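Heads up: the structure comes next, in structure tokens.
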Amino acid sequence: MEIESCSSGGARADLGVLERTDRIWASDCIDPHERQHILRWTGQLLPPELVGSHVGSPASHSTARVHDLSFRGATALFGSFGIEWDVTGCSPDELAELAGWVALAKRFRPLLHGGRTVRVDHPDPALWAHGVVAADRSEALFAFVAMDRSLTWPPGPVRLPGLDPDADYRLTPVGPGAGAEPISGRSRPAWQSGGLVHSGRVLGTVGVRPPALHPDHAALVHLVRG
């Protein structure tokens, strides 16, 4: 049995309550756009495995916003992953995609719940990036998140810090829909075709081009040290 502390508006999300519980519920709002903000700042104190993070229904009960399952799944992945959605009404396609996110959460749980959380600064406030790097820096999982529509195109490269500067890493897109066609009229970054290799030094100082994303969409990249 796991004990999760109620969010209480954040009043109980502290180190004292974690002496008596297994994780905290950061907010009753599971709108993934809002959750990106919530997880970003709750993560300044708590690691992902201590913060409950769920895939909700397409329309959020707290904001009435509607989001693709891809964004809901990519957001929930970077926490204590769960499902808060009446799946009895899901279509076969939705169930298949949700199963893909569950499989991804299981696959990356050792990394996400045992690595070092990294937040990336980027000059474009519409583009967020964050990830988790393994303790031995053998692998990492990063997310590129479009929180709004960018004022310029293309956005500048995103640095991926925390890697071994003297090692090479192979970049591979992961997650349901990773192989989907890019936004019409916009090219796909080389790493989204899989197999791109860069050194940790290049990734940490120069970075890689982010994918073309509509607002409230995300893309994941897995890095493995060669």
Side-chain angles (χ1 to χ4, degrees), residues 1-13 21-43 46-109 112-113 117 126-132 141-149 173-181 183 211-221:
M1 181 180 70
E2 288 185 325
I3 299 175
E4 180 179 82
S5 172
C6 155
S7 62
S8 184
R12 297 178 189 160
T21 61
D22 298 290
R23 64 174 181 262
I24 61 99
W25 182 237
S27 173
D28 288 329
C29 179
I30 57 172
D31 174 326
H33 180 93
E34 300 298 326
R35 272 279 168 158
Q36 286 287 337
H37 290 273
I38 292 165
L39 293 173
R40 185 180 184 89
W41 299 110
T42 305
L46 304 178
E49 64 268 24
L50 298 184
V51 184
S53 188
H54 297 173
V55 177
S57 58
S60 173
H61 72 276
S62 53
T63 64
R65 289 195 188 106
V66 177
H67 292 99
D68 289 350
L69 180 50
S70 62
F71 188 52
R72 286 141 54 208
T75 300
L77 188 67
F78 289 86
S80 184
F81 184 91
I83 300 169
E84 195 168 332
W85 180 14
D86 181 3
V87 297
T88 61
C90 290
S91 68
D93 287 345
E94 287 175 321
L95 289 175
E97 185 177 354
L98 182 59
W101 284 107
V102 171
L104 199 72
K106 290 180 177 179
R107 172 186 171 187
F108 286 111
R109 184 180 293 144
L112 295 172
H113 292 189
T117 297
L127 180 66
W128 287 12
H130 62 90
V132 176
L141 184 69
F142 278 87
F144 301 99
V145 184
M147 295 294 290
D148 204 341
R149 184 174 176 82
V174 294
E181 290 299 314
I183 294 175
L213 295 168
H214 288 303
D216 285 355
H217 284 75
L220 304 173
V221 59

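Numbers for residues simply follow the sequence, beginning at 1. The figures here come from the full heavy-atom set of this structure, side chains too, leaving out hydrogens, waters and symmetry mates. As the structure is a computational prediction, the values presented were derived from the model and not from experiment.
Looking at every heavy atom in both residues, Val221 comes nearest to Phe144 through CG1-CE1, 3.7 Å. Residues Ile30 and Gly56 share a closest heavy-atom pair of CD1-CA, 3.7 Å. Shown here for Arg107 and Val174, the closest heavy-atom pair between the two residues is NH1-CG1, 4.1 Å. Summarising the geometry of Phe78 relative to Phe142, their closest heavy-atom pair is CZ-C, 4.5 Å, with the distance given to 0.1 Å. Residues Pro211 and Ala219 approach most closely at CG-CB, 3.6 Å, considering heavy atoms. His214 approaches Ala146 most closely through the heavy-atom pair O-CB, 3.3 Å.
Interatomic distance, Ser27 OG to His37 NE2, rounded to the nearest 0.5 Å: 12.5 Å. Here Met147 contributes atom CE and Asp216 contributes atom CG; the two are 6.5 Å apart, rounded to the nearest 0.5 Å. A distance of 8.5 Å separates CD of Glu84 from OG of Ser57, quoted to the nearest 0.5 Å. Taking CG of Leu77 as the start and CZ of Arg109 as the end, the distance is 10.0 Å to the nearest 0.5 Å. Taken from CG in Leu220 to OG in Ser70, the straight-line distance is 9.5 Å, to the nearest 0.5 Å. Note that the CH2 atom of Trp25 and the OG1 atom of Thr42 stand 11.0 Å from one another [nearest 0.5 Å].
Side chain of Arg72 to main chain of Val55: no donor-acceptor pair is present (N/O by atom type, distance under 3.5 Å, no hydrogens or angles). Here the side chain of Asp22 pairs no donor or acceptor atom with the backbone of Glu4 at under 3.5 angstrom. Judged purely by atom type and a 3.5 angstrom limit, His217 uses its side chain to pair as donor or acceptor with the backbone of Pro215.
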Could you go through the side chain to side chain contact (heavy atoms under 4.5 Å, CB included) check for Ser62 and Asp28 one step at a time?
CA-CA 8 Å; Ser62 53; Asp28 288 329; over 6 Å; no
Carefully, step by step, assess Phe71 and Leu213 under the rule side chain to side chain contact (heavy atoms under 4.5 Å, CB included).
CA-CA 11 Å; Phe71 188 52; Leu213 295 168; over 6 Å; no
Evaluate the criterion side chain to side chain contact (heavy atoms under 4.5 Å, CB included) for residue pair Trp85 and Leu98; output intermediate values, then yes/no.
CA-CA 11 Å; Trp85 180 14; Leu98 182 59; 4.2 Å; yes
Would you check, one step at a time, whether the test side chain to side chain contact (heavy atoms under 4.5 Å, CB included) holds for Val51 with Ile24?
CA-CA 5 Å; Val51 184; Ile24 61 99; 4.2 Å; yes
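Using a 4.5 Å cut-off on side-chain heavy atoms (C-beta onward), Leu112 and Phe81 make no contact.
Partner of Thr75 under the side-chain hydrogen bond (donor to acceptor under 3.5 Å, both in side chains) criterion, chosen from Gln36, Arg35, His67, His33: Gln36.
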